[in-house]
Enquirer: 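Quick one: this structure, given as structure tokens, is what I'll be asking you about.
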Amino acid sequence: MPELPEVETVRRELDPRVRGRKVLEAGSHPSAKFVPAVDTIGASLTHADRRGKFLLLPLDDARELVIHLGMTGKLSFSDTPADPEDPYLRAWWRLAENHTAPEQTLRFHDVRRFGRIRVVPAGDYSSIPTLANAGPEPWDPVLTPQLFHSLIKKSKRAIKTQLLSQRPIAGVGNIYADEALWAAQINPKVTRLGLDRAGMLLEELRDVLEKGVENGGTTLRDYRNVDGGTGENQHSLVAYGRGGQPCLRCDSTLTSAVLDARTTVWCPNCQRR
DNA sequence: CCAGCAGCCTGAAAGC
DNA sequence: TGCTTTCAGGCTGCTG
């Protein structure tokens with residue numbers, strides 16, 4: 001489940017490898033989720049950017065290629081053309097050579113087809129609601145504890161639900177939400193947070209996301225970087241996936257329950273309501 | 001405008 | 001052993 005650290009890892013690898021490369025040819029799976037990939041033919045990629053969990057690849061014609069990896073999306077490069085026999089290949093772009101690489105194919109694999117590809121006018125995300133409504137990036141200096149607190153106050157939903165909505169902050173998914181709530185000792189079902197506790201949560205969110213990026217992302221099963229390698233952050237998880245195991249802070253048994261159709265793990269003792 | 005929820009997807013793991 | 005069910009979950013789009 002690629003979240004900000006995984007998508008950022010991919011972006012960093014992608015950036016030098018897409019700069020200035022023209023799309024010579026492109027193809028896609030027939031699903032409307034992937035067909036827009038071919039709209040890039042003839043345009044050149046300028047660089048790789050990211051907003052929350054969305055990869056943004058600006059084109060040189062005032063448009064942007066937007067890629068969401070969904071649950072199982074993977075991007076990779078190969079020197080050979082796309083293999084039509086590959087059952088999980090959802091889109092591909094034949095890229096012209098640039099000063100660092102020969103002509104290559106950028107491939108988008110996505111077993112479960114939760115991913116999505118769009119081409120939009122540069123900066124116009126009105127057709128992608130989650131992106132259009134996304135809150136600030138975690139390290140955006142405008143994201144003060146006061147702003148974070150006021151964004152949370154706009155909704156009466158559980159804090160975990162709010163984090164997953166992308167509205168108070170962009171890029172947080174199920175893994176890093178549970179990790180940050182554990183670290184901040186905040187119960188995921190809490191619906192109101194004071195300024196101090198909101199500030200603590202923001203600090204822990206930044207911390208777990210930063211460590212996730214440093215570790216090259218979390219690979220539980222599917223996530224791979226552009227070179228096909230795994231991340232290492234799965235070895236640092238203290239809450240996610242540890243339901244029934246002892247809390248590393250107080251030794252109580254971690255609770256696992258479904259909240260908003262997602263498995264949520266927290267400590268019933270040190271993350272009290 | 002927001003909350004709530006079905007639906008999208010398929011392989012792996014668990015259950016029978 | 002082999003078939004069936006459950007599980008993983010980010011986002012969209014519909015309904016109230």
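Reminder, nothing fancy here: chain letters follow the sequence lines and each chain counts from 1. These figures come from a predicted structure and were not determined experimentally.
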Enquirer: I'd like to know if the side chain of A:His235 pairs up with that of A:Asn215 as donor and acceptor (distance under 3.5 Å, no hydrogens or angles considered).
Expert: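 A:His235 vs A:Asn215: no donor-acceptor pair found between side chains.
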
Enquirer: Looking across every strand, which nucleic acid part, if any, lies under 4.0 Å from A:Leu69 by heavy atom: base, sugar-phosphate, or nothing?
Expert: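 Result for A:Leu69 = nothing.
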
Enquirer: Do the side chains of A:Pro121 and A:Arg63 get nearer than 4.5 Å, heavy atoms only?
Expert: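 No; the side chains remain at least 4.5 Å from each other.
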
Enquirer: Over how many whole Å does the gap from A:Lys74 atom NZ to B:dC9 atom C1' extend?
Expert: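 After rounding, the gap between these two atoms is 14 Å.
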
Enquirer: Between B:dG4 atom P and A:Asp260 atom CG, what is the distance in whole Å?
Expert: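 Between P of B:dG4 and CG of A:Asp260: 8 Å.
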
Enquirer: Of the candidate nucleotides B:dC2, C:dG10, B:dA13, which contains the atom at the shortest distance from the side chain of A:Arg221?
Expert: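 Comparing B:dC2, C:dG10, B:dA13 against the side chain of A:Arg221, the answer is B:dA13.
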
Enquirer: Is A:Glu203 atom CD crowded by more than 12 heavy atoms from other residues, nucleotides or ligands, each under 6.0 Å away?
Expert: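 Atom CD in A:Glu203 is not packed in, count stays at 12 or less.
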
Enquirer: Distance check needed: B:dC8 P versus A:Asp110 CG, whole Å only.
Expert: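 Atom-to-atom, A:Asp110 to B:dC8, this comes out as 16 Å.
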
Enquirer: Starting from the 5' end of DNA chain B, give me the residue, A:Arg113 or A:Arg157, whose nearest nucleotide shows up first.
Expert: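 Closest to the 5' end, via its nearest nucleotide, is A:Arg157.
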
Enquirer: Taking for each residue the nucleotide of DNA chain C bearing the nearest heavy atom, is the 5' side occupied by A:Arg116 or by A:Tyr240?
Expert: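 Residue closer to the 5' terminus by nearest nucleotide: A:Tyr240.
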
Enquirer: Reading DNA chain C 5' to 3', how would its secondary structure be written in dot-bracket notation, given Watson-Crick and G-U pairs with both distances under 3.5 Å, brackets [ ] for crossing pairs and | for partners on other strands?
Expert: .|||||||||||||||

Enquirer: May I ask you to verify whether the side chain of A:Arg262 and the base of C:dA8 hold a donor-acceptor pair under 3.5 Å?
Expert: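 Flag unset: no donor-acceptor pair detected.
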
Enquirer: Between A:Asn133 (CG) and C:dG13 (P), how many Å, whole number?
Expert: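 It works out to 13 Å between those atoms.
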
Enquirer: Checking all strands, does A:Thr72 fall into the base, sugar-phosphate, or nothing category for heavy-atom contacts under 4.0 angstrom?
Expert: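 A:Thr72: no heavy atom of the nucleic acid under 4.0 Å.
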
Enquirer: Please pick, from B:dT10, C:dC11, B:dC2, the nucleotide with the shortest atom-to-atom distance to any side-chain atom of A:Arg167.
Expert: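 Nearest to the side chain of A:Arg167 among the choices is B:dC2.
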
Enquirer: Which residue is it: A:Glu64, A:Glu137, A:Glu8? I am looking for the one with a salt bridge (charged side-chain N to carboxylate O under 4.0 Å, His left out) to A:Arg51.
Expert: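 Only match with A:Arg51 under salt bridge (charged side-chain N to carboxylate O under 4.0 Å, His left out): A:Glu137.
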
Enquirer: Between B:dA3 atom C1' and A:Lys154 atom NZ, what is the distance in whole Å?
Expert: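 Rounded to the whole Å, the gap is 16 Å.
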
Enquirer: Is it the case that A:Lys22 and A:Asn98 place a side-chain donor and acceptor less than 3.5 Å from each other?
Expert: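 Side-chain D/A pair, A:Lys22 to A:Asn98: absent.
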
Enquirer: Just checking, any donor-acceptor pair under 3.5 angstrom between side chains of A:Gln104 and A:Arg21?
Expert: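 Indeed, the side chains of A:Gln104 and A:Arg21 share at least one donor-acceptor pair under 3.5 Å.
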
